[in-house]
Amino acid sequence: MKFNKSFIILLMAAGCLSSCTGEWLDTVKEGVPAEGTFWKNDADYTKAVNTLYDCFSYEETWGRNLFYEQGACDDIVFGRSRGASQMNLAKLCMDGSTEGSLKDFYNQMYTTMAMANNVIYHALQIPEANRTAIQKRSLGEAYFMRGFTHYMIAYRYGRIDNGVPFVRYEDFTDYATQVNEIPTQQASVIDNYRMIIEDFQNAADNLEWFKTYSTDNYGRATKDAALGYMVKTYAFWAQHDKSQWEKIPALVDKIETEGGRGLLDNYADVFKIENNWSKEYIWSVNSRGENYAGSIFPGIVLENKGWGVYNGWGYMKPTLELWAEYNDVDDRRGATMLSYGDEFTYFGETRKFYSTSDLENGFAFCKYMDPFSRGKINYKVDDNGKTVVDGYSNSYISSNGDRPTTDLNVPLMRFAELLLFKAEALIMQNKNAEAAAPLNRIANRAHEGVSYTAPTMMDLMHERRCELACEWTDRLFDLKRWSAGGNADWNLDALNKIKGAKHGIKHTDRSNPNSPVDTTDDLDITINGKHYQGIFVLGGGQGDAKEYEPGGTYSVMPYDINQVIRSNGKLKQNPGYASKF
């Protein structure tokens, strides 16, 4: 966590982070200027800010590693065998020394945080009246990225009795010395949330609404995104201070009325390339297939080897529990998941789903299938006279299956999630009748055949799960914050979903989409009042029931043991972890 100022400056100024996600992020290495010759004009600020977005493109962040944490929740299982790093996450038995997936993400967030800190420090040296429009926007973007990366660490590592490390460079009294020091660990995560909110507010004050942006600046931080993440920060803060719920509804209304955000008419359309920047967009990983830029997650969840056409990785699969959460008329289920025999379009061809790869579970995610539905499969006749696959034609996906990016942006926040937070905030203030309006907007679009008049937290939790499945909204930490609330039915339901076993459905012939369920062992289960046969606990131990105590050791992530050691006592490990020093 110790950052060298010179390294950060050289990194930004040289534009040497090359995993760009938009044309405005395409940087050219122009040599490494000395700091004394940098920060002189708009171009310098633009170049420095552009590198802040590079963190979204890494496999170690929103490409894959963050989703390994979701292996501990009830929606996702790993489709392929994983090592101790991932299995410890899935089983909620982390120790702070073997979770490489956590370490990589943690380091990237703090590196980006330090880079944003540097932009803010230098931008504030310019009197406000003298800042150009670009410098003002750059300041807003840096505030947003500092708040965002700080938020991503705070809610996952921070406790009421043990905050996370953070410093603001603008508070330094001796910049040259302090910039190389280990950031101060805050006493409580509430201290972190307070500073995160301040950063998002400063970002909003310096940024414009997305609707005013020209297409060449799509993907930059906006006022919409800053206020949206204020909403989410307040929701986590409210776990410790319920008065924070009061601030959420007005913010969501502001984003809609002033920012022009809203819901698309059709749920499935949200996940089409043409709607990357629709009115539902708040924040996403800006991606492109042509230069391997952005998130590889669409390829990560695609069937391993892609039924012989494309190198999908097959790393994440859904559970029977998630399938059972939807009713049979809910549009969201078919747009999110496939079960045996379901039709889908793959490289221009209509197919029926089956899966012979890796872990058997009977289901697959299809939410990010749109790029792979396009183009065509090329065929040839082999020496034996058999027609076989001979590659494909598809300009919407990466030609490199080892870096399977696509033209589909991976959403990190949609307006639908903000409506759900508004409904939750109203319910938590005992304004259940008022919560019906935002929740019915979600339910009505899904055509699930329900209409709420005074929704409960159980209703809210159901809608949030169905609406946001397999998206980066952090289902696991939703369950953790809900289970920590007390002993109400919804608290216990969330706790049971963390602790419970996870199941799949077995078929007699995995290679046949019309295969019947295998009832040889005559195992069955009832979920949400629906009876399923041919079920089994998902393999590799990740489907087993887990031990979990709200507010206990595993309610937050452990700091990497090496960070604790190197801090020389400045970083206090979260209680309960064996790597405490």
Side-chain angles (χ1 to χ4, degrees), residues 67-79 87 89-92 301 314-340 342 353 355 358-367 420 446 448 450 457-483 489-507 517-519 521 523-548 554:
F67 288 86
Y68 282 138
E69 295 177 18
Q70 297 306 302
C73 81
D74 52 346
D75 285 357
I76 288 176
V77 293
F78 305 146
M87 292 308 298
L89 295 174
K91 296 179 180 181
L92 284 181
V301 297
Y315 277 9
M316 309 292 172
K317 294 186 178 184
T319 61
L320 170 62
E321 280 73 16
L322 177 58
W323 176 268
E325 185 74 22
Y326 299 90
N327 66 38
D328 291 340
V329 298
D330 193 324
D331 288 348
R332 295 172 297 191
R333 186 173 72 181
T336 301
M337 302 173 64
L338 294 170
S339 67
Y340 263 57
D342 285 347
F353 172 71
S355 174
D358 308 304
L359 174 74
E360 180 176 15
N361 74 327
F363 305 99
F365 286 116
C366 62
K367 183 170 273 188
L420 288 163
E448 64 174 322
V450 301
M457 274 300 296
M458 290 291 287
D459 297 322
L460 181 282
M461 292 158 63
H462 161 75
E463 293 297 341
R464 186 170 176 88
R465 186 181 193 185
C466 292
E467 181 71 22
L468 302 173
C470 197
E471 296 180 48
W472 181 251
T473 53
D474 209 331
R475 166 76 175 169
L476 175 60
F477 270 85
D478 277 342
L479 292 174
K480 287 182 177 182
R481 66 185 178 87
W482 290 332
S483 69
D489 58 349
W490 56 275
N491 304 133
L492 298 178
D493 181 79
L495 180 59
N496 289 335
K497 283 181 166 61
I498 295 175
K499 297 173 66 173
K502 297 185 285 190
H503 301 87
I505 289 184
K506 187 176 183 62
H507 291 264
V517 172
D518 185 351
T519 59
D521 294 329
L523 297 177
D524 58 23
I525 192 172
T526 299
I527 307 175
N528 293 338
K530 291 172 279 191
H531 185 71
Y532 297 91
Q533 291 182 290
I535 65 97
F536 62 99
V537 176
L538 291 165
Q542 59 175 311
D544 298 343
K546 301 181 291 294
E547 294 294 326
Y548 180 77
Y554 302 115

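Residue numbers count from 1 along this sequence.
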Next on the checklist: Any heavy-atom pair between the side chains of Leu468 and Leu420 that's under 4.5 Å?
Outcome noted: yes
Item to check | For Tyr532 against Trp323, the heavy-atom pair lying closest together | outcome: OH-CD1, 4.0 Å
Item to check | Side-chain donor-acceptor pair present, Gln70, Asp474, cut-off under 3.5 Å | outcome: yes
Checklist entry - Does the side chain to side chain contact (heavy atoms under 4.5 Å, CB included) test come out yes or no for Tyr326 and Met337, once each step is laid out? => result CA-CA 10 Å; Tyr326 299 90; Met337 302 173 64; 4.1 Å; yes
Checklist entry - Side-chain contact, heavy-atom cut-off 4.5 Å: Phe536 with Glu360? => result yes
Next on the checklist: I'd like to know if the side chain of Asn361 and the backbone of Gly79 have a donor-acceptor N/O pair within less than 3.5 Å.
Outcome noted: no
Checklist entry - Which residue, Asp74, Thr473, Asp478, forms the side chain to side chain donor-acceptor pair (under 3.5 Å) with Arg465? => result Asp74
Checklist entry - With distance as the sole test, does Ser483 use its side chain to make a donor-acceptor pair with the main-chain N or O of Lys480 at under 3.5 Å? => result yes
Checklist outcome for this item: Smallest heavy-atom separation, Asp330 atom then Asn327 atom, equals N-OD1, 3.0 Å
Checklist entry - Do Val517 and His507 pass the side chain to side chain contact (heavy atoms under 4.5 Å, CB included) test, and can you show the C-alpha distance, the side-chain angles, and the key distance before you say yes or no? => result CA-CA 4 Å; Val517 172; His507 291 264; 4.1 Å; yes
Checklist outcome for this item: Heavy-atom closest pair (Cys470 atom, Val301 atom, distance to 0.1 Å) is SG-CG1, 4.5 Å
Next on the checklist: Is it the case that the side chain of Asp342 and the backbone of Ser339 share a donor-acceptor pair, with hydrogens and angles ignored and the cut-off at 3.5 Å?
Outcome noted: yes
Checklist entry - What's the spacing between Arg464 CZ and Glu325 CD if we round to 0.5 Å? => result 13.5 Å
Item to check | Close side-chain approach of Ile498 to Tyr554, heavy-atom, < 4.5 Å | outcome: no
Item to check | Working for salt bridge (charged side-chain N to carboxylate O under 4.0 Å, His left out), residues Glu467 and Arg332 | outcome: CA-CA 7 Å; Glu467 181 71 22; Arg332 295 172 297 191; 3.2 Å; yes
Item to check | Evaluation steps, side chain to side chain contact (heavy atoms under 4.5 Å, CB included), between Phe365 and Leu322 | outcome: CA-CA 11 Å; Phe365 286 116; Leu322 177 58; 3.8 Å; yes
Item to check | Intermediate values then yes/no, side chain to side chain contact (heavy atoms under 4.5 Å, CB included), His462 and Asn528 | outcome: CA-CA 11 Å; His462 161 75; Asn528 293 338; 6.0 Å; no
Next on the checklist: Just checking Phe363 against Phe353, ring centres under 6.0 Å apart?
Outcome noted: no
Checklist entry - For Phe477, which residues count as a ring pair (Phe, Tyr, Trp, His ring centres under 6.0 Å) partner, sequence neighbours excluded? => result Tyr155
Item to check | Check: Lys506 main-chain N/O paired with Asp518 side-chain donor or acceptor under 3.5 Å | outcome: no
Checklist entry - Distance from Glu471 atom CD to Asp75 atom CG, nearest 0.5 Å? => result 11.0 Å
Item to check | Exercise: identify the closest heavy-atom pair between Thr519 and Gly534 | outcome: CG2-N, 4.4 Å
Checklist entry - Do Phe78 and Leu359 come within less than 4.5 Å of each other through their side chains, counting heavy atoms only? => result no
Checklist entry - CD1/Ile505 to CG/Leu538 distance, rounded to the nearest 0.5 angstrom? => result 10.5 Å
Item to check | Flag, side chain of Lys502 to backbone of Cys73, donor-acceptor distance under 3.5 Å | outcome: yes
Checklist entry - Could you state the interatomic distance from OG1 (Thr319) to CD1 (Ile76), rounded to the nearest 0.5 Å? => result 8.5 Å
Checklist entry - Backbone N or O of Ala324 within a donor-acceptor pair of the Lys530 side chain at under 3.5 Å? => result yes
Item to check | Closest non-hydrogen atom pair, Gln542 against Ala90 | outcome: CB-CB, 4.2 Å
Item to check | Distance (rounded to the nearest 0.5 Å) between Glu547 CD and Lys499 NZ | outcome: 6.0 Å
Checklist entry - Measuring from His503:NE2 to Glu321:CD, what's the distance to the nearest 0.5 Å? => result 6.0 Å
Item to check | Contact check, side chains of Met457 and Asn491, non-hydrogen atoms, under 4.5 Å | outcome: no
Checklist entry - With a 4.5 Å limit on heavy-atom distance, are the side chains of Ser355 and Lys317 in contact? => result yes
Checklist entry - Taking only residues two or more places apart in sequence or in another chain, which ones pass ring pair (Phe, Tyr, Trp, His ring centres under 6.0 Å) with Tyr315? => result Trp313
